[in-house]
Amino acid sequence: MQDAFALASATWPADGVPPSPAGWIITTARNRAVDRLRRESARTAKEVAAARLVPASPAQEESDQLRLIFTCCHPALAQNAQVALTLRLIGGLSTPEIARAFLVPEPTMAQRIVRAKGKIRDAGIPYRVPHDAELPDRLRPVLAVLYLIFNEGYAASSGPGLTRDDLCAEAVRLTRMLAGLMPRELEVRGLVALQLLILARRPARTTVDGAMIRLADQDRSRWDAQLIAEGQEIVRACVRNGQPGPYQLQAAINAVHSAAPSVAATDWPAIVRLYDQLLTLAPTPVVALNRAVAVAEVSGPAVALPLVEDLKLVRYHLFHAIRADLLKRLGRTEEARAAYARAAELTGNAAELAFLRQARELTRSSSPDHP
């Protein structure tokens, strides 16, 4: 409309006022709008052609991907919607995988993603790189995205293999880059340490044919000593700053695990204390579940089991697997077998499914009725 009025002010004094001034303005404005839309639609193709003439460096492409994650984590959206949408559009995770990560039904997650897209469309939220001043406010959901991409890689929610190494590598690479861009953010460094310390156990998590090996049975000599050393050094640096956050505390917990030569030699009381701190910052049922596992090692399964059963995690397969283990240790065999069966029903990963089924059979064979 501004263009149309500007053109009218330039041409009407010389050419005269048209018979229908309002109609002239509307028609001219519409034509100008169509011309602009045509130019904008052609711009993308021209930019792509220019990019092919000067290919981006790998570092630039990775930086663009990281910045695109920041772009999707727009503060106008609720954080769970930001994370879900980014995992779908940028992380490449499927809706079922995202639903499992959030412990919600798949239709619920599908609706959440659709609503997030609709809000972006209706509010006219631009898909652009945020300004540097906007980045700190978007850091929390970005860290959540990188954390969940890594988790999906390290413990795949579906598929034949226990892990997806491509997702692990992608998450670690982007998190390292983020740490380089924001070196003063301790939570970013904490997430790097957490990923490295967990990834260090990767060589000992499966047998040669891909069968799952639980932490207690892993050959710790196969853990990656270089990754452990780097992760522990980052944790020590974070501790010296005295500003603990959820990712730093999770990294510290895994640093304690990585320092122990065996499960029996693990400083479980220290892990319980770290989980106590983590619960004050991130009071989620999953954190409480993991704390109960540590409590079982310190105070026994009879103390830990009520802590587990109070949690509302009925859709989470590890809830039932941990409950089954505690029941088995208490001699409540049939309840343990039922819990293992429920855990097996909820997992979509073939390696985990085989492990849970085997655990259920071993529980039956060790019961008084099956010597």
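Treat the numbers as computed from the prediction; the structure is a model and nothing was measured.
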Sidechain-backbone polar pair: [X] side chain, [Y] backbone, donor-acceptor under 3.5 Å:
X	Y	result
S299	V303	no
T28	I25	no
R32	D3	no
D325	A321	no
W268	V263	yes

Is any side-chain heavy atom of [Y] closer than 4.5 Å to one of [X]?
X	Y	result
L227	L197	no
I228	E233	no
P285	K312	no
C168	L199	yes
I98	I113	yes
T175	Y147	no
T266	I271	yes
D276	T280	no

Give a yes or no on whether a salt bridge exists between [X] and [Y], defined as a side-chain N under 4.0 angstrom from a carboxylate O.
X	Y	answer
E230	R176	yes
D219	R222	no
R138	E185	no
R202	D224	no
E297	R329	yes

Closest approach of [X] to [Y] (non-hydrogen atoms, all atoms of both residues):
X	Y	result
N349	T347	N-OG1, 3.2 Å
L178	L146	CD2-CD1, 3.9 Å
R220	A260	NH1-O, 2.8 Å
A29	A4	N-CB, 3.8 Å
A296	A304	CB-CB, 3.6 Å
S258	Q232	OG-NE2, 2.9 Å

* Would you say R236 has more than 12 foreign heavy atoms packed within less than 6.0 Å of its CZ? ->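 Yes - once you tally the heavy atoms of other residues, nucleotides and ligands closer than 6.0 Å, there are more than 12.
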* Structure fact -> Paired with S157, the side chain to side chain contact (heavy atoms under 4.5 Å, CB included) test is passed by just one of E152, E352, H317, namely E152
* Would you tell me whether R205 and Y154 have side-chain atoms, one donor and one acceptor, within less than 3.5 Å of each other? =>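 Yes - a donor-acceptor pair under 3.5 Å links their side chains.
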* To do: Please confirm whether W223 and H257 have ring centers closer than 6.0 angstrom.
  =>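 No, the ring centres sit 6.0 Å or more apart.
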* Linking I/L/V/M/F/W/Y whenever any side-chain heavy atoms sit under 4.5 Å apart, do V286 and Y275 land together? ->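 In one cluster with V286: Y275, no.
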* Asked: Same hydrophobic cluster for L330 and I322, using side-chain heavy-atom links shorter than 4.5 Å among ILVMFWY?
  -> yes
